[in-house]
Amino acid sequence: MSAVSGPSHYDYTEGASAIDISDAMSNSRRARRDSQYSMTYDVPGSVFDGPGHSVIPSSISRMGHRRSLSRRRSEDSVAARRRRSEDSYVSAGNDVDEEHGHEEDTVAERVRRGRRSPSPARRSGVFGGLSQLFGGDGHSKRRPSFSQRSSASSTKRWGRRSDIESEAAVSDEEEGDSRWGYSSGEEYEEDEGAEVVRTPSPMGSEYGSYPPSPSATHSPTLPLLSEDQFFGEDTRIDIDLEPLTPPPEGPPSRQTLHLHDEDMTVRFFGYEIMPWRQLGWRFACVLTAGVLALLGHWFPKLWLRWVARERAFGEIKNGFVLIETPYRDVALFSVRRIDYPYPASTVFSPPFLAEANKGKNNGNNSGNGDANGNCIAADDDILGTLIILDYRYARFALNLSTGFFQSVTDWRDTSWTGVSSVKNGLEGSVRHQRLMLFDQNLVDIAGKSTVQLLVDEVIHPFYVFQIASIVLWSLDDYYYYAFCIFLISAVSIVSTLVETKKTIARMREMSRFSCAVSVFVDGKWVERESTDLVPGDIVHLLEPPLGIVPADMFLLSGDAIVNESMLTGESVPVSKIPVKDDDMARWKETRDIDVGLAKSFLYAGTKVVRIRKAVGLGSDPDRPALGIVVRTGFNTTKGALVRSMLFPKPMGFKFYRDSIRFIMVLAGIAGLGFCASAVQFVRLRVPWHTIVIRALDLITVVVPPALPATLSIGTSFALSRLRQSGIFCIAPTRVNVAGKVNVCCFDKTGTLTEDGLDILGVRGIDRSGKRFGELLDDVHDIPLGRDKAAFLYALATCHQLKVVDGDVIGDPLDVKMFQFTKWAIEEGSIAGIGRIKERKTGEEGARSAALVQTIVRPPGSAQFRVEDALKGNARHAYFLEFGVIRTFEFVSQLRRMSVIVKRLKSTSMEVYVKGAPEVMLDICEKNSFPDDYDDLLSYYTKRGYRVIAIAGKSIDGLSWLKAQRMKREQAESNLRFLGLIIFENKLKPGTTPAIQALRAAHLACRMITGDNPLTAVSVARECGLITQTAQVFTPSFIRGNAATPHSQLRWTCMDDPSWELDAYSLKPNAPPLHHSMESDILDFQDYAIAVTGDVFRWMTDNAALETLQRMFARTQIFARMSPDEKNEVIERLQTLGYTVLMCGDGANDCAALKAADVGLSLSEAEASVAAPFTSRTPDIVCVLEVIREGRAALVTSFSCFKYMALYSLIQFTTITLLYSFASSLGDFQFLYIDLFIIIPVAVAMGRTLPYSKIHVKRPTASLVSNTVLTSIVGQIILTSSVQFWTFFWVREQPYQTPPRQNPKDGDNHLQASNFENSTLFLVSCFQYILVAAVFSIGPPYRKPMWTNGWLILSLAALGLFNLLVLLSPPRLVAGILELVSLPDSARWLLLGVVASNVLASLAFERWMVPAISSAISAFFKHRRRRVRDGKAYKAVVMEAR
């Protein structure tokens, strides 16, 4: 972790249009977005508290990690990225607070590459959606990445700014469904933008404290300030943490720190509690009956300014450190002082001091720090006392030399210069010191007690509102409904507590692990618990045998095979080799596990497949399999995964943002209504206590406590239906987000096509050497030829397969290829190992290597001594045996692997290379390729086959030692091409129908694959992702390469290279002359682009902004993409304003699945569980189901919200009219409306099934669209008009008698038995049913209302009962409802009025709403000059037409 100097800024340009982004880039350098790793839940801290906890707990749902194993980068690229990153965010100056009042400086956050994919799931249930409602405005941002930095990232998000600015085309939102107005885009308001609002949001628990660290909890004297307690997950309260006065003189009290593990910048503030102020606060809380305490909990600014003052970190005695994240998330943590009689060098590692201490202290340096806060103290100074702070299970220590905190994770042992320097292990005293510093090697989640969870639940604003409502109703003698709400709330709280405790237990079971290990301490082996391990411990990996790696460690000796599926989702076992001296030394200077280090790195939590000891050579004894611990506890990769699971970045949604605004509007209406009523109450001399009770009661009418529960109904039913379809969701809020998806991205292998690859056959070179031979599907037909390097031998040896318990394991492609040969394989450890002495270092730099790694022989071959394979003059020469002497592993950048092979009794060795056909052109002799190489390769790749090329050469006189010293460049050069292996990868049965359905719905489809672009295009055509007549253009370098900034691209048609795209606009040039006859039948605008990974990387770094945007908008095939680049494609699409669905098999798609708005995994591997959705059916048909259910759930949420809004306003109108003469509804009238009409109807509305066909337009996610507002306002006017007419009509009737206006003294009740009350009650009961029918949206997103049996039954039953009460009420019912007797003529007249209301409401919704909304859209259309927030892709698409 490193501190960041200088003020830094939020990323305000997320989702901006082309012009917005272009303008912003002239003022600020931008870094590309990094991946969001591990976003399972959507609610901050929902695992622990809040009314938003998931009822679908998952113990392994967020296993993201610090560095994706599939996305490692070389050390050079990591260093380069770090330099670029630092340049982009480190600024000069020492004052963090230079710009008070500037919002962008509220949290010093460097402009960085990353975002986090969404997050843990929230609890659904009766009140599961409470916190979802409250979201406000916020700058659209994403959380920084937790995964590895992206490869070769550009310093600008969209590349270099071109000299020519693009004109953002005016793009109207898609026209909505004219009937219902639920399509995307009638919004014209200023804040209209991306429906999925990536907003700064809390990361911890939703309204309680963070999960406490294992060794330090929140101070009991401090209020829980973990985050915004009022606005839930979608945004932050504007908590102004900037002190009103300059910071105190002296040592630093503020620090900006970059958390390297999470790629997130936080700020530390030191505060000291003032005892007398704290006493005054407590006294004031008592005087206000706890109201002030609640306000202090919800609004930390109030408490902070009252009881604390800023204090230097090192001077804090009775205080805390306030930590603020970029998402306006604040938390208080006590500092601890421990006795630490050890040198400073045991805590603060020199390699990172210069970077880690670039903290800001507002110009007040002190101690021995320099101007930048860099340590200049001697490393051997004895500290005596160490001040530590535990934040999110990460420990920080205060460096007294600088006055700043530094992460202890960055510490490195300076004595680790090589393997020999660590072989003696640790002394007991050193272990004691490190255990004190790093704590136990335990990933243990400190869950809250039941009492804490209960308190956290109850003090949430919504529950406080419910409690206040229950108290109010009880004071008003409204016991029945109060009891019902109390019962519902109690059940909700209890169920939440039970589920939360279960979730915590499952997570602890998943994360907590310990086992017995043998540790080398004080020169002898001692058996200890793995919880006692510390960095530097030497561990015996075989005695006792390990099933799971207990800590992050380097393999010192022996070899290992581990299953890292927990981290990568890929179940292919990974081989580990002993660490080299250079790697051990390099570990001191790096934080990241790059490709080189990963070969020897055993990650905590990975499963051990096999560990073997190192076999001695000659008289040398065997050496045990040993490992050295380098990271423990939450500092390990597994610990980082768990941390990311506990503290995710939530994702806001525009519907939730708008809903709180609408609620505030309703509350304002309630206030206005009561002000008018209060004047009348005073005039009527109503007692003041009655006025107060009525005022508060009016608030509960307009903002009903049951509102949050009704909004989660649609999501709950959608989740239930998805489970029945075999689709499981661990992030319920993503269901609604799925309704807004407008681009679907797919992996190819395992997603669109079948998992397994079958060998179609092989194509060798015929005897002439000029052309390919026939396709051979039988290994016995493959000719051996005259050369020593033969095609068949390459198939049998060029792989990285291992044998464990008799089973051949490895990459599925390797397994298929070897099975095709029908040869036998065994590992060659029985031949022993050899010592390789480097020429420069001699014996000190000697390393060990197996004499023979793998032995293969044809079927039926007899056994022989392995040593025979190493001797050229050996007997038993009639045996055909091959030993793999050395393996150069597959490297994704090189796209090949190779082996050096020794044949029995051969005086030479052969080198075989297997890789992508394209790379063979660079490493093979040109005359070895057949003349039809390009034609045949194009033939197979265009038909969707996967083609692997094989090459080889023979080297005479090559000894074993020379082979071990040979560089890879030497081995993989001057090769002879041998042939092609053709693998067949069939489409899954459901792929083509699903793609066709998505395209018919006008949903953009993208393929993101690591395969060959020709193969990808072929599969895309076959499944319909690209139409058969569409022209496909692909770029290639005509000058320079991907590493050259000034390279030049040429965009050519795959079918006709003479046809090109304009390099800037990416529009097709005029077609060649031979296409002139086709111009009438071909649509030249119907074209697609296929981009490869190297071009993609170059364009993101160097291309013009406009070209880059057009590339993302038009490209349908992203081929040869690494996992890191897959993730970036998703994020770039999101930045353009797309709502992205990613569907993959979970192997190398983990980062992309987490980064996507809706991630859908077809794999059940542990890592894939981190995706919001997981399907048991490995077919993309599930994508259709998720989108259908998402749209239905979103429309249901809108319907329920509109229904509850109308219900509130209808009842508000009734109450306000009755208040005009000091009357009101009776208790049982309230009870009948609230309990017997509203709740059943609202629940039944959510049961409507999704429509079978996906509509071409998306439902809107905005409550402030003109169609939605037109509908709501129009229905309010109609229903209110009917009530007003009824009220004034009945008052003019001769049988109407004036009601008694003055209530009895001490009685808060208002008179209910009067004609006005009865008529308004009877009419409003029909209106509640009427608006339910009007707002029960059917097609095109849900099935017709009549298919919902529960809703029809509810409406029919309630309608008949209301009709009975209106026309002929039973005496018992009339008495309970306090109805007065009306003449029959009046009853029939009221029935006619109700019927007129029904007809008018239906007609208005059917014809008037579309007409009015269209007129409004037309009025504002000419006023929109450009596409706004998050709609940049529309400008790009419109301009491309």
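Using a 4.5 Å cut-off on side-chain heavy atoms (C-beta onward), Glu324 and Phe269 make contact. At least one side-chain heavy atom of Leu259 sits under 4.5 Å from a side-chain heavy atom of Leu257. Side-chain contact between Asp390 and Arg336: present, with at least one pair of heavy atoms (C-beta onward) separated by less than 4.5 Å. Two residues are said to be in side-chain contact when any heavy atoms from C-beta on lie closer than 4.5 Å; Leu453 and Lys501 meet this criterion. In this structure, the side chains of Val321 and Ile316 come closer than 4.5 Å at one or more pairs of heavy atoms. With a 4.5 Å cut-off on side-chain heavy atoms, Glu315 and Pro251 count as touching. Contact of the Val335 side chain with the Ile388 side chain is not registered, since no non-hydrogen atoms from C-beta on lie closer than 4.5 Å. Side-chain contact between Ile548 and Cys515 is absent, with no heavy atoms from C-beta onward closer than 4.5 Å.
Pairing each heavy atom of Ala551 with each of Thr636, the nearest pair is CA-CG2, 4.5 Å. In this structure, Leu533 and Asn441 approach most closely via the heavy-atom pair O-CB, 3.7 Å. Taking each heavy atom of Glu310 and Arg254 in turn, the nearest pair found is OE2-NE, 2.7 Å. Taking each heavy atom of Gly425 and Ile538 in turn, the nearest pair found is CA-CG1, 3.5 Å. Considering every non-hydrogen atom in both Lys317 and Arg337, the closest pair reads NZ-NH2, 3.8 Å. Across Thr531 and Ser514, no two heavy atoms sit closer than the pair CG2-CB, 3.7 Å.
Partners of Arg508 according to the side chain to side chain donor-acceptor pair (under 3.5 Å) rule, which considers only residues two or more places apart in sequence or in another chain, are Asp444. For Leu294, the side chain to side chain contact (heavy atoms under 4.5 Å, CB included) criterion is met by Trp298, Ile459, Val464, not counting sequence neighbours. In this structure, Glu509 has no side chain to side chain contact (heavy atoms under 4.5 Å, CB included) partners at least two apart in sequence or on a different chain. With sequence neighbours left out, Gln440 forms a side chain to side chain donor-acceptor pair (under 3.5 Å) with no residue at all. Qualifying side chain to side chain contact (heavy atoms under 4.5 Å, CB included) partners for Leu454, counting only residues two or more places apart in sequence or in other chains: Val458, Ile493, Leu497. Tyr340 is linked by a ring-ring contact (aromatic ring centres under 6.0 Å, His included) to Tyr342, counting only residues two or more places apart in sequence or in another chain. Applying the side chain to side chain donor-acceptor pair (under 3.5 Å) test to Arg309 and every residue at least two apart in sequence or in another chain returns nothing. The side chain to side chain contact (heavy atoms under 4.5 Å, CB included) search around Ser429 returns Glu427, not counting sequence neighbours. Residues that satisfy the side chain to side chain donor-acceptor pair (under 3.5 Å) test with Trp416, not counting sequence neighbours, are Asp413.
Ion pairing between a basic and an acidic side chain is recognised when a charged N comes within 4.0 Å of a carboxylate O; Arg431 and Asp532 show no such pairing.
Ring centers of Phe268 and Phe396: under 6.0 Å apart, within the cut-off. Taking the centre of each ring, Trp587 and Phe554 come in below the 6.0 Å mark. Residues Phe313 and Phe405 place their aromatic rings such that the two centres sit under 6.0 Å apart.
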Determine whether Leu398 and Leu389 satisfy the following criterion, side chain to side chain contact (heavy atoms under 4.5 Å, CB included), listing intermediate values before the conclusion.
CA-CA 8 Å; Leu398 185 67; Leu389 168 69; over 6 Å; no
Go through the steps to decide whether Thr409 and Arg395 satisfy the test side chain to side chain contact (heavy atoms under 4.5 Å, CB included), and finish with yes or no.
CA-CA 7 Å; Thr409 308; Arg395 177 161 293 183; over 6 Å; no
Determine, stepwise, if the pair Ile338 / Met436 fulfils side chain to side chain contact (heavy atoms under 4.5 Å, CB included).
CA-CA 9 Å; Ile338 60 175; Met436 182 185 303; 4.0 Å; yes
Go through it in stages, so that I can follow the logic: the residues are Val534 and Val430, the test is side chain to side chain contact (heavy atoms under 4.5 Å, CB included), and I'd like the CA-CA distance, side-chain angles, deciding distance and then a yes or no.
CA-CA 9 Å; Val534 297; Val430 177; over 6 Å; no
After noting the C-alpha distance and the side-chain angles of Asp537 and Arg434, does the key distance pass the salt bridge (charged side-chain N to carboxylate O under 4.0 Å, His left out) rule?
CA-CA 10 Å; Asp537 272 335; Arg434 294 187 182 178; over 6 Å; no
Begin with the C-alpha distance, continue with both residues' side-chain angles, and end with the deciding distance and a verdict on side-chain hydrogen bond (donor to acceptor under 3.5 Å, both in side chains) for Asp552 and Thr637.
CA-CA 7 Å; Asp552 281 356; Thr637 305; 3.2 Å; yes
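In this structure, CE on Met553 lies 10.0 Å from CD1 on Ile628, to the nearest 0.5 angstrom. Once rounded to the nearest 0.5 Å, the distance linking CD of Gln406 with OG1 of Thr402 reads 7.5 Å. Rounded to the nearest 0.5 Å, atoms CG (Leu383) and CZ (Phe348) are 6.0 Å apart. Note that CZ of Arg643 is 11.0 Å distant from OH of Tyr393, once rounded to the nearest 0.5 Å. The CG atom of Leu304 sits 7.0 Å away from atom CG of Leu332, with the distance rounded to the nearest 0.5 Å. Here the straight-line distance linking atom CG of Leu322 with atom CZ of Phe333 works out to 9.5 Å at 0.5 Å rounding.
The main-chain N or O of Val443 is found under 3.5 Å from a side-chain atom of Ser511 such that the two form a donor-acceptor pair. Side-chain atoms of Arg267 do not come within 3.5 Å of backbone N or O of Ile323 as any donor-acceptor pair. Without hydrogens or angle criteria, Trp303 side chain to Ala308 main chain gives no donor-acceptor distance under 3.5 Å. Ser253 places no side-chain N or O within 3.5 Å of a backbone atom of Arg311 that could act as its donor or acceptor partner.
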